[in-house]
Amino acid sequence: MERQRQIAENRQRALEKLKQRGLAQDIVDTPAGATRVKVPEKKVVKPHSLTKAQQDKIEANRLKALELRKEHEHKAAARPSEPPKPATVRDATKAVPRNRIPSIKKSDYIEYDLAEMKDTYGGFLDTDQEPENATEKSLQDWLIENENKIVHEPAPPVDREAAPKCFECGSIELDQQLWTIFKCRVCRRCKDQKPEKYSLLTKTECKEDYLLTDPELADHDLLHRLEKTNPYSGTYSKMQLYLRYQVEEFAFKKWNGPEELDNEWAKREEQRIKRRDKKFETKLKQMRKRTRAEEYTRKLREQKYGKSHVHQWSMPIDGGKSGLVRRRCTDCGLETEEYII
């Protein structure tokens, strides 16, 4: 009975709280004696009906949008069709899926697939299996190209008297390389006969033998130069070559003659030897300092712990067995046994 009374009191308190909040309006008794709360239904708010002016504005906006759409369609139809974009060009207007796997071509990484090639037992690759972008040409294509090739060799001069002539022999058959690059009028025969004048010098030789600087060698107005691929490696910087007599003329003008150039070269060579000797003397002093430090440390160790004992061994004495010899230190009496083989 007590439990039923507590349940009824709790139910009554709950109903009072619901009434205070306005959630329960009516209480209905069920046949079983329980109470059922009737919760009010939510009110559905219907939208207000549009006025005549609002409906007219909506209709005008709709018609305007239709006109703009028709105008865009007309312009797109009148515009010429664009050529198709290559596969390598990415169109930024189209969305690219994030999880798309890029296509990988084997030819991008493998030029010759030995697993798929046929062994001809001839020591060469089969030309039928070469890539499509091979740049090799057939003999017929090479002949046709050479027939249509424009010859850039200069034509013979019309007026032989006004034509440029060699400095040495007066011939009009000049070396085109020296004439085009170095503006030097000399024929090939004179060039080969006088290498002490028309030979080519490297940049290092110009700096070491004629004492020229990098800015002077880099100035095209002062010295002409010929650039070639480095013979040691294609990845190195290009080799720069200069004409000997032009380099000598500029160097003699800079140092006021060959005697002054020789004096300056001897002076710099003497300075270089002095720097080398000075460096050697510095390293020798450092080595001596380290040796002195070791000697000073050894003296301190002897003062603290005494000198290390050096045994003074006596003459060998027979040990009683074949080959066995005994020795004794005359200072400390230490004995050792040795086998003589």
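Position 1 is the first residue of the sequence, and the numbers go up from there.
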**Q.** From OG1 (T204) to CE (M239), nearest 0.5 Å
**A.** 10.5 Å
Q | Worked verdict on E216 versus F250 for side-chain contact (heavy atoms from CB on, under 4.5 Å) | A | CA-CA 10 Å; E216 293 171 348; F250 179 75; 3.8 Å; yes
Q | Joint cluster assignment, Y210 & Y242, ILVMFWY side-chain distance < 4.5 Å | A | yes
**Q.** Flag for R244-S199: side-chain donor and acceptor within less than 3.5 Å
**A.** yes
Q) Looking at W255 and R268, what are the two nearest heavy atoms and their distance? A) CH2-NH2, 3.5 Å
Q) Salt-bridged, D214 to K207, with N to O below 4.0 Å? A) yes
Q) Is it true that R272 and E269 have a side-chain N and a carboxylate O under 4.0 angstrom from each other? A) yes
**Q.** Whether E73 side chain and K70 backbone form a donor-acceptor pair below 3.5 Å
**A.** no
Q | E2 vs Q6, side-chain contact (heavy atoms from CB on, under 4.5 Å): CA-CA, chis, key distance, verdict | A | CA-CA 6 Å; E2 184 67 22; Q6 291 179 357; 3.9 Å; yes
Q. Ion pair present between E249 and K253, side-chain N to carboxylate O less than 4.0 angstrom?
A. no
Q: With sequence neighbours excluded, give me every salt bridge (charged side-chain N to carboxylate O under 4.0 Å, His left out) pair touching residues 166-177.
A: E168-K194, E168-K197, D175-K191
(Q) Would T202 and Q240 count as a side-chain contact (heavy atoms from CB on, under 4.5 Å) here? Give the steps. (A) CA-CA 6 Å; T202 61; Q240 300 177 6; over 6 Å; no
(Q) Less than 4.5 Å apart, side chain to side chain, heavy atoms only: is that true for K165 and R185? (A) no
Q.
Assess, by modelled atom type and distance only, whether the side chains of S233 and T235 contain a donor and an acceptor separated by less than 3.5 Å.
A. yes
Q: Find the distance between CG (L241) and CG (L201) and round it off to the nearest 0.5 Å.
A: 8.5 Å
Q. K274 versus E270: any side-chain heavy-atom pair under 4.5 Å?
A. yes
Q | Non-hydrogen atoms of R13 and N10 that approach each other most closely | A | NH1-OD1, 2.6 Å
**Q.** Polar side-chain atom of N230 near backbone of S237 as donor-acceptor pair, under 3.5 Å
**A.** yes
Q: Assess whether atom CD of Q4 is packed by more than 12 heavy atoms of other residues, nucleotides or ligands within 6.0 Å.
A: no
Q | Ion pair check, E281 and K285, cut-off under 4.0 Å | A | no
(Q) Between R62 and E59, does any NZ, NE, NH1 or NH2 come within less than 4.0 Å of an OD or OE carboxylate oxygen? (A) yes
(Q) Looking at R189, I want to see if its CZ is surrounded by more than 12 non-hydrogen atoms of other residues, nucleotides or ligands under 6.0 Å. (A) no
Q.
Rounded at 0.5 Å granularity, tell me how far CG in N256 sits from CG in N263.
A. 11.5 Å
Q | Hphob cluster co-occupancy, L174 + I181, side-chain heavy atoms under 4.5 angstrom | A | no
Q: Flag the pair L178 / L243 as yes when at least one side-chain heavy-atom distance between them is below 4.5 Å, and no otherwise.
A: yes
**Q.** Nearest-0.5 Å distance that lies between atom CG in D56 and atom CD in Q54
**A.** 10.0 Å
**Q.** Atom pair NZ/CD of K254 and E260 - distance to nearest 0.5 Å
**A.** 13.5 Å
**Q.** Atom of L261, atom of F252 and distance for their closest heavy-atom approach
**A.** CD2-CE2, 3.8 Å
Q) Where do W265 and L211 come nearest, in terms of heavy atoms and distance? A) N-CD1, 3.9 Å
Q: Evaluate the side-chain proximity of C184 to W179: yes if any heavy-atom separation is below 4.5 Å, no if none is.
A: no
Q: May I ask you to test the E67-E71 pair for a side-chain heavy-atom distance under 4.5 Å?
A: no
Q.
If you compare all heavy atoms of L212 against all heavy atoms of L223, which two are closest, and at what distance to 0.1 Å?
A. CD1-CD1, 4.2 Å
Q: Before accepting this row, confirm whether a basic side-chain N of the pair R326/E335 lies closer than 4.0 Å to the acidic partner's carboxylate O.
A: no
Q: Decide side-chain contact (heavy atoms from CB on, under 4.5 Å) for E337 and L324; before the verdict, give the C-alpha distance in whole Å, the side-chain angles of both, and the deciding distance to 0.1 Å.
A: CA-CA 7 Å; E337 294 181 352; L324 179 62; 3.9 Å; yes
Q. Mind checking whether T336 and W313 have side chains closer than 4.5 Å, heavy atoms only?
A. yes
Q. Which heavy atom of R327 sits nearest a heavy atom of S314, and at what distance?
A. NH1-O, 3.6 Å
Q. To the nearest 0.5 Å, how far apart are OG1 in T51 and NZ in K57?
A. 10.5 Å
(Q) Tell me if the CZ atom of R69 is crowded by more than 12 foreign heavy atoms within 6.0 Å. (A) no
Q) Would you find a donor on one side and an acceptor on the other, under 3.5 Å apart, between the side chain of Q246 and the backbone of F182? A) yes
Q.
I'd like to know if R225 pairs up with E227 as an ion pair, taking the criterion as any Lys NZ or Arg NE/NH1/NH2 lying under 4.0 Å from an Asp or Glu carboxylate oxygen.
A. yes
Q | Summary of ring-ring contact (aromatic ring centres under 6.0 Å, His included) pairs that have at least one residue in residues 316-341, sequence neighbours excluded | A | none
Q: Report yes if some heavy atom in the side chain of K238 is under 4.5 Å from a heavy atom in the side chain of K228; otherwise report no.
A: no
**Q.** Test item: L217 and C206 side chains (from C-beta on) under 4.5 Å apart, heavy atoms
**A.** yes
